[in-house]
Amino acid sequence: MAAPTATAAPSLPSQEGGSSWAETAYRGEVEVVDGTDEDQNVLDGVVFDDRNRNSSQDRGERGIPGVQVSNGRQVVTTDAKGGYELPVDDNTNVFVTQPAGYEVPVDEHNIAQFSYAHLPEGSPELRYGGIEPTGPTPDAVNFPLARSTATKKSQQNCIMGGDIQTYNQTEVEYARAGAFTDLAQRTDYASCGALFLGDIVGDDLSLYPRTRELTSMINGPARLLPGNHDLDYDAADSEHRFDTYRSQFGPDYYSYDVGDLHIVALDSVQYRAGERYSGGLGEEQLEWLRQDVAQVPKDKTVVLAAHIPLLNFNDQTLTQHQVAEINQIHEIVSGHEAVAFGGHSHTTEFMREGDSTQGWAEVMGVEELPFDHITAGAISGDWYSGRITDQGIPTALQRDGARPGVLTLESRPEALTDRFTVTGEDDSVQMAVGVNSPRYREWFEANRDNGGSAPAFEDPTVVSAADLAETTYLTANVFAGSTGTEVTVAIDGGEAKGAQRTQSMTGEARKIGALWSDPVAVQEQLVHGGSVAESSMHIWRSALPADLAAGEHTATVTSTDRDGTVSTETIEFTVTD
């Protein structure tokens, strides 16, 4: 693959005052007041302005009225003195929704602190520990907030990172050298922070302390939500399926405000011991979502984030990998500008308002998308598979051929946009350009079932006159490509002509196989291991002219996304007699 032509990265907001995140971070914790509450079935407390930033409500630190607090079932609003009270049982998360203009404290690993887990008896016996007994309902639980001009600004950058999913220490080091090193070098997301979209680890929950080492590298608050590989699989009761996760990172669903955004982190993994997990919220969480969104002003954008995405392109006919209550969720957020993010599928999918597929209509009852649904890709890529690059990290090309990376949601007064950044690269790297020839397709079919042991496809950019006569395509896998993206191809400096997207997203079924594959990714995957990119919603292709002269040729491929961002890559290929 030829090197792309560099384009300027978009201008980004910088850390306020030029200070580093480590120097300015509001560090602290939720204040649990000693003593036993008279009514053990009710938890009360205050949301207060922590002016001296010591996490305790001192004299002169007033309560903040009008702030949402929830027990995961009901949502209440603090009174004129910042007070709240909520019912609790023997397994309750109580959490505050951060208002724009304030920030919650973070711990020494940058994990946001905004919740209290109430389990008087603690978790049942679990392999990875779960939650220690919290004892009787305390006298009060107070939520400290510090004033912040940064979280009030309309200009925000929010990191959405999918599936860190480390199975061992080697993979922790891959994550450290890859996406987390990239995030450590950026300072543009300090006020909104990073939201990691589940599958924080890969079943071994003893690796959570290693995850904390990773989040300590970032320059902003870290928030997380759970995935199917974060389950306490030995929990007999579904109510305790994420207890170990909760002990480390907080509630499994919650919300917070920053700028013009109301961000809702959802738990989209349903599980009962002895059964397969499935995609869904459950009635209790769905009712919480109704109450939560009902409090959101109409001028705020609702950002929904979940591990199993609300809808997915690659898995569009599989209910397990999409959220059962999708139509109810669409109804709940109707009337608001909205966007949804997910992880789970190890693909990068920018699905836009108005897009439709046969699978969504037939399986999920969704005729077309009412707002953008984005699968943010995986930090682990294709489970850290493939060969090790010069950067010391695996290629890990995903199931749709996209490279691993993170997504940035960019909120501005004039528009909400998104930007995908490939791990270890700048923003000029947005596509992979290759050749899909009859010879390639023959090699694909012969080796489709030999993943990781296939012989290398020799001379991938050499095509014969016979290949041209049988149809050979130049392909462009535009990682963040979507409806509204335009791709052109100019051969040997000639006129740029439009390429055709292989999936129009106008109600057709998913296309799969050699003809629809990404040859650049597949040639890596079949030889070096990993999934096979034989289907993708973001491939464009252009048939090479059948009468191209023998010799060396150059093609310039240009993608322009719906926001006007331009990326260019060139490829050299040879035609033989």
Side-chain angles (χ1 to χ4, degrees), residues 1-4 163 165 167-168 170-171 173-175 177-178 202 314 345-348 377-405 422-425 429-464 467 470 472-479 502 511-536 538-539 541 544 555 557 569-574 576:
M1 184 175 64
D163 300 62
Q165 204 166 347
Y167 283 85
N168 50 53
T170 297
E171 293 182 355
E173 295 309 315
Y174 290 152
N314 251 37
S345 65
H346 298 256
T347 56
T348 299
I379 285 173
S380 59
D382 188 72
W383 296 273
Y384 301 105
S385 63
R387 61 184 173 85
I388 303 302
T389 68
D390 292 340
Q391 295 173 301
I393 56 178
T395 53
L397 300 177
Q398 297 184 101
R399 295 169 61 206
D400 58 355
R403 292 177 63 182
V422 172
T423 299
E425 305 283 4
V429 178
Q430 291 292 316
M431 72 177 100
V433 176
V435 177
N436 185 324
S437 65
R439 187 168 63 90
Y440 157 76
R441 295 192 288 271
E442 182 180 351
W443 173 85
F444 177 102
E445 297 296 349
N447 293 284
R448 173 61 184 85
D449 297 326
N450 300 325
S453 61
F457 180 61
E458 300 294 339
D459 302 320
T461 59
V462 175
V463 296
S464 67
D467 286 335
E470 197 179 335
T472 293
Y473 298 99
L474 280 182
T475 63
N477 188 337
V478 185
F479 308 138
T502 59
K511 298 173 182 178
I512 185 169
L515 192 62
W516 314 103
S517 65
D518 172 8
V520 176
V522 169
Q523 288 163 38
E524 276 281 341
Q525 293 163 327
L526 287 181
V527 175
H528 300 289
S531 299
V532 179
E534 59 185 344
S535 178
S536 177
H538 43 75
I539 289 179
R541 67 187 189 186
L544 290 175
V557 181
E569 186 170 330
T570 60
I571 183 172
E572 296 178 352
F573 64 96
T574 302
T576 62

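We're numbering straight along the sequence, starting at 1. Fair warning: this is a prediction, and the values are worked out from it, not measured in the lab.
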S.K.: Locate the shortest heavy-atom distance separating P519 from G434; write the atom from each residue and the value.
M.R.: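 Scanning both residues completely, I find the closest heavy atoms to be CG-C, 4.3 Å.
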
S.K.: Is there a side-chain contact between L474 and L544 in this structure, where contact means two heavy atoms from C-beta onward sitting under 4.5 Å apart?
M.R.: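 Yes; the side chains approach each other to less than 4.5 Å.
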
S.K.: With rounding to the nearest 0.5 Å, note down the distance linking CG in D163 to OH in Y384.
M.R.: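 Atom-to-atom, D163:CG and Y384:OH are 9.0 Å apart.
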
S.K.: Just do the side-chain contact (heavy atoms from CB on, under 4.5 Å) check on T576 and V462 with the steps written out, would you?
M.R.: CA-CA 7 Å; T576 62; V462 175; 3.8 Å; yes

S.K.: Rounded to the nearest 0.5 Å, what's the gap from CG on D382 to CZ on R399? Could you check?
M.R.: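 Interatomic distance, D382 CG to R399 CZ, rounded to 0.5 Å: 8.5 Å.
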
S.K.: Against L397, only a single residue in H346, H528, Q525 fulfils side-chain contact (heavy atoms from CB on, under 4.5 Å); can you say which?
M.R.: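 Testing L397 for a side-chain contact (heavy atoms from CB on, under 4.5 Å) against H346, H528, Q525 leaves exactly one candidate, Q525.
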
S.K.: Examine distances only and state if a side-chain atom of N436 and a backbone atom of W516 form a donor-acceptor pair shorter than 3.5 Å.
M.R.: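 Not confirmed, N436 side chain does not pair with W516 backbone.
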
S.K.: Please check if the number of heavy atoms outside E442 that lie under 6.0 Å from its CD is greater than 12.
M.R.: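 Open.
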
S.K.: For the backbone of G202 and the side chain of Q165, can you confirm whether one donor and one acceptor N or O come within less than 3.5 Å of each other?
M.R.: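 No; judged by distance alone, with no hydrogens or angles, the pair does not exist.
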
S.K.: Look at the side chain of Q391 and the backbone N and O of G424, then say whether any donor-acceptor pair between them is shorter than 3.5 Å.
M.R.: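 Flag set: sc Q391 to bb G424 pair under 3.5 Å.
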
S.K.: For A396 and S380, work out which heavy atoms get closest and say how close.
M.R.: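 Closest approach of A396 to S380: CB-O, 3.6 Å.
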
S.K.: Working to the nearest 0.5 Å, report the span between OG of S536 and NZ of K511.
M.R.: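 With rounding to 0.5 Å, OG (S536) is 12.5 Å from NZ (K511).
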
S.K.: To the nearest 0.5 angstrom, please state how far the CD1 atom of I539 sits from the CZ atom of F479.
M.R.: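 One finds 10.0 Å between CD1 of I539 and CZ of F479.
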
S.K.: Checking E524 side chain against G401 main chain: does a donor-acceptor pair fall under 3.5 Å?
M.R.: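 A pair under 3.5 Å: no.
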
S.K.: Any chance you could lay out the side-chain contact (heavy atoms from CB on, under 4.5 Å) test for Y473 and L515, step after step, and finish with the verdict?
M.R.: CA-CA 9 Å; Y473 298 99; L515 192 62; 3.9 Å; yes

S.K.: Rounded to the nearest 0.5 Å, what separates atom CD1 in I512 from atom OG in S535?
M.R.: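 That separation rounds to 5.5 Å.
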
S.K.: Look at the side chain of H538 and the backbone N and O of T348, then say whether any donor-acceptor pair between them is shorter than 3.5 Å.
M.R.: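 Yes; judged by distance alone, with no hydrogens or angles, the pair exists.
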
S.K.: For N477 and M431, what are the C-alpha separation, side-chain angles and deciding distance, and is it a side-chain contact (heavy atoms from CB on, under 4.5 Å)?
M.R.: CA-CA 5 Å; N477 188 337; M431 72 177 100; 5.9 Å; no

S.K.: Show the nearest heavy-atom pair for residues V435 and P460, with the distance to one decimal.
M.R.: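 Where V435 meets P460 most closely, the heavy atoms are CB-O, 3.7 Å.
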
S.K.: Holding to side chain to side chain contact (heavy atoms under 4.5 Å, CB included), I want the full list of residues that pass it with W443, two or more places apart in sequence or in another chain.
M.R.: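 Here the qualifying residues are Y440, N447, A454, P455, F457, V522, Q523, L526, V527.
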
S.K.: Check the pair R448 / E534 against salt bridge (charged side-chain N to carboxylate O under 4.0 Å, His left out), numbers first and verdict last.
M.R.: CA-CA 10 Å; R448 173 61 184 85; E534 59 185 344; 2.8 Å; yes

S.K.: Which heavy atom in A378 sits nearest to a heavy atom in Q398, and how many Å separate them?
M.R.: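 Closest pair (atom of A378, atom of Q398, distance): N-OE1, 3.0 Å.
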
S.K.: Which pair of heavy atoms, one from R541 and one from T502, lies closest together, and at what distance?
M.R.: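 For R541 versus T502, the nearest heavy atoms are CD-CG2, 3.8 Å.
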
S.K.: Rounded to the nearest 0.5 Å, how far apart are CG of D400 and OG of S531?
M.R.: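 With rounding to 0.5 Å, CG (D400) is 10.0 Å from OG (S531).
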
S.K.: Could you tell me whether a side-chain N or O of T389 sits under 3.5 Å from a main-chain N or O of I393, the two making a donor and an acceptor?
M.R.: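 Checked: pair present.
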
S.K.: Between T472 (side chain) and D467 (backbone), is there a donor-acceptor pair under 3.5 Å?
M.R.: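 Yes, because the side chain of T472 sits within donor-acceptor range (under 3.5 Å) of the backbone of D467.
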
S.K.: Would a 4.5 Å heavy-atom cut-off, applied to side chains only, mark T461 and T574 as touching?
M.R.: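 Contact flag for T461/T574 side chains = no.
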
S.K.: Which pair of non-hydrogen atoms, one from A521 and one from A533, has the smallest distance, and what is that distance?
M.R.: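 Here A521 and A533 meet closest at CB-CB, 3.9 Å.
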
S.K.: E425 vs R403, test: side-chain contact (heavy atoms from CB on, under 4.5 Å). Steps then yes/no.
M.R.: CA-CA 10 Å; E425 305 283 4; R403 292 177 63 182; 3.1 Å; yes

